[in-house]
2 protein chains.
Amino acid sequence: MTEPALATLTRLRTACSQCNLRELCLPVGLSADELQTLDNLVSTRRKVRRGDSLFYGGEPFSALYAVRYGFFKSTLTSGDGREQVTGFYMAGELLGMDGIGGDRHTCTLTALEDSEVCVMPFARVEDLSRNFEPLQRHFHKVLSREIVRDQGVMMLLGSMRAEERLAAFLVNLSQRLTARGFSASEFVLRMTRDEIGSYLGMKLETVSRLFSRFQEDGLIEVHQKHVRILDIGGLKRVMAQAQSAP
Amino acid sequence: MTEPALATLTRLRTACSQCNLRELCLPVGLSADELQTLDNLVSTRRKVRRGDSLFYGGEPFSALYAVRYGFFKSTLTSGDGREQVTGFYMAGELLGMDGIGGDRHTCTLTALEDSEVCVMPFARVEDLSRNFEPLQRHFHKVLSREIVRDQGVMMLLGSMRAEERLAAFLVNLSQRLTARGFSASEFVLRMTRDEIGSYLGMKLETVSRLFSRFQEDGLIEVHQKHVRILDIGGLKRVMAQAQSAP
DNA sequence: CGACCCGCTTGACCGGGATCAAGCGGCCGG
DNA sequence: CCGGCCGCTTGATCCCGGTCAAGCGGGTCG
């Protein structure tokens, strides 16, 4: 393949209108025509190696990022050094929205496997939003959904027991993977037990023990990072099993 | 006072440019000129009696609300009926952003004292945003700050001990009251122990016991809903006291 | 290909906060 | 002004999940 041909291919693949993630990403719900307008939303791509960070808490904010492929965690570090995992992000999801409010990022985004993101300079996002109502509407929805997602986590952490939280986590993961065309029942965890634990407000030993318990109960099969869901209905039942005694 | 004069007064007071909350509310940071542009952002006012709800989870979304005076809690109800308090809101804060993403509200907003809000039809917010860059920028910041706030709560719930959470809650409350010109050290809690507990992921008995402990330790004085903060530095120390043993 | 390190599992024990229970008192409505 | 109820406090006990500890195994890097 000659050099110019390669460049063209890359250019083509950079366009939102050609991206196979458009059904999951910022341009959700736009018509083919409308999508053309977005083709200069993304300035560049950026690869992030496993273990490297896309940005750090405290860094100046300048752009949003859409995950093309890979897997990220976001972490918040408190004054006294404690680290809290605040989310996991996969293909088509938007990163960096925490930075808009204070012009610097509040959390750190770290790749849990080799990943690539689309870089969308925020000034450009706002420009296009002002001139292109469908994008504006959708961008607001994405921001709002992040708020709703966070509130869901608050409910998880505030009112559910450890086993309910882990079941909810697995169900959520399975659903998001399904939406991306992966198997709903068999997947590889990209994060460690410690990271799951931090996200769910429990210790890594508890995560490990609960995985074992779920396995004994025939709900899942676990082998290190490999998980196979055997009984999704059972997991959903665990997740909602509020002490239902009279 | 004649009827027309009263109407005029009301009209005047409805304008953002005349509102004494503008430093806390949506129009933060706008010049006097720019503020004029916002004067038709607010369609009406709405009073909400203590105990009544501004909107319920599941209701169609149509507007954002800015608190003029009063105090609100937001709650999320899970499938199995458990209720989680996800936030408390006071004058100048924006309500209803959870509804943008799915065109219906996900949480319920209930007044904890007699309150009043400005109603801002969301279509109008988006219209004005498209034509008025400073509002757009600020609106995005408000949305982002809500995300950051929620992440802070996730850190609270996920990685702090009960006494650290309650200390953080009191410090936060004190700071927000100060910003509104109230005493930083003496205030009346508008919410019950149960509501504080739900928000902080603990039981009402634990909240009560911790209040008593803080009082014994000379950090605060509590008498039912009356709280006086005696040692804000001490509270901040409790809040960050990660097990700092070697 | 092989060794080492890191992440995972599992056990034993402990303790913070939940649960259950009882009594008090402030506030609201009659 | 008075009675009742709801919200708060406090005690006793329990148990879930944290902590400490030890060993294993698999993936990664030399």
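So you know, we letter chains A, B, ... as the sequences are listed, proteins then strands, and number each from 1. Computed from a prediction, not measured in an experiment: that's the story for all the values here. Atoms considered below: every heavy atom in the structure, side chains included; atoms not considered: hydrogens, waters and symmetry mates.
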### Task
Rounded to the nearest angstrom, tell me the gap between atom CZ in A/Phe211 and atom P in C/dG7.
16 Å
### Query
With sugar-phosphate meaning primed atoms plus P, OP1 and OP2, does A/Gly201 contact a base, only sugar-phosphate, or nothing at under 4.0 Å between heavy atoms?
sugar-phosphate
### Message
Expressed as a whole number of angstroms, how long is the span from B/Glu163:CD to C/dG17:P?
### Response
7 Å
## Note on the structure
Which of C/dA12, C/dG17, D/dC8 is nearest the side chain of B/Thr206? It is C/dG17
### Message
Other residues, nucleotides and ligands only: do more than 12 of their heavy atoms fall within 6.0 Å of CZ on A/Phe187?
### Response
yes
### Task
Using a cut-off of strictly less than 4.0 Å, decide whether A/Arg193 has a side-chain nitrogen or oxygen near OP1 or OP2 of C/dT9.
yes
### Summary
A/Arg213 atom CZ is separated from C/dG11 atom P, nearest whole Å, by 13 Å
### Selection from D/dG26, D/dC8, D/dG18 that lies nearest to any side-chain heavy atom of B/Gln224
D/dC8
### Query
Out of C/dT10, C/dC20, D/dT9, which has the shortest distance to the side chain of A/Ser208?
C/dT10
### Query
Starting at CE of B/Met191 and ending at P of D/dC8, how long is that distance when rounded to a whole Å?
11 Å
#### Entry: Quiz item: A/Arg209 side-chain donor-acceptor pair to C/dG11 base, under 3.5 Å
yes
### Message
Taking the minimum atom-to-atom distance to the side chain of A/Glu205, which one of C/dC20, C/dC8, C/dT10 wins?
### Response
C/dT10
### Message
Distance check needed: C/dG16 C1' versus B/Met202 CE, whole Å only.
### Response
12 Å
#### Entry: B/Lys225 side-chain N/O to D/dG7 phosphate OP1/OP2 under 4.0 Å
no
### Task
Would you indicate whether the side-chain heavy atoms of B/Leu76 and B/Arg82 approach each other to under 4.5 Å?
no
### Query
Is it true that atom CZ of B/Arg50 has more than 12 heavy atoms of other residues, nucleotides or ligands lying nearer than 6.0 Å?
no
### Query
Of the nucleotides C/dG26, D/dG17, D/dG18, which has the atom closest to the A/Ala162 side chain?
D/dG17
### Message
Are B/Phe72 and B/Tyr65, when compared by the centres of their aromatic rings, separated by less than 6.0 Å?
### Response
no
### Message
By the 4.0 Å heavy-atom rule, please label A/Arg50 as base, sugar-phosphate, or nothing.
### Response
sugar-phosphate
### Message
Could you check whether any side-chain heavy atom of B/Leu177 comes within less than 4.5 Å of a side-chain heavy atom of B/Arg180, counting everything from C-beta outward?
### Response
no
### Task
Measure the distance from CZ on B/Arg161 to C1' on C/dG16 and round it to the nearest whole Å.
7 Å
## Note on the structure
note: A/Asp114, atom CG; D/dT28, atom P; distance rounded to Å ~ 11 Å
#### Entry: Whole-Å distance separating the CD atom of A/Glu216 from the C1' atom of C/dT9
12 Å
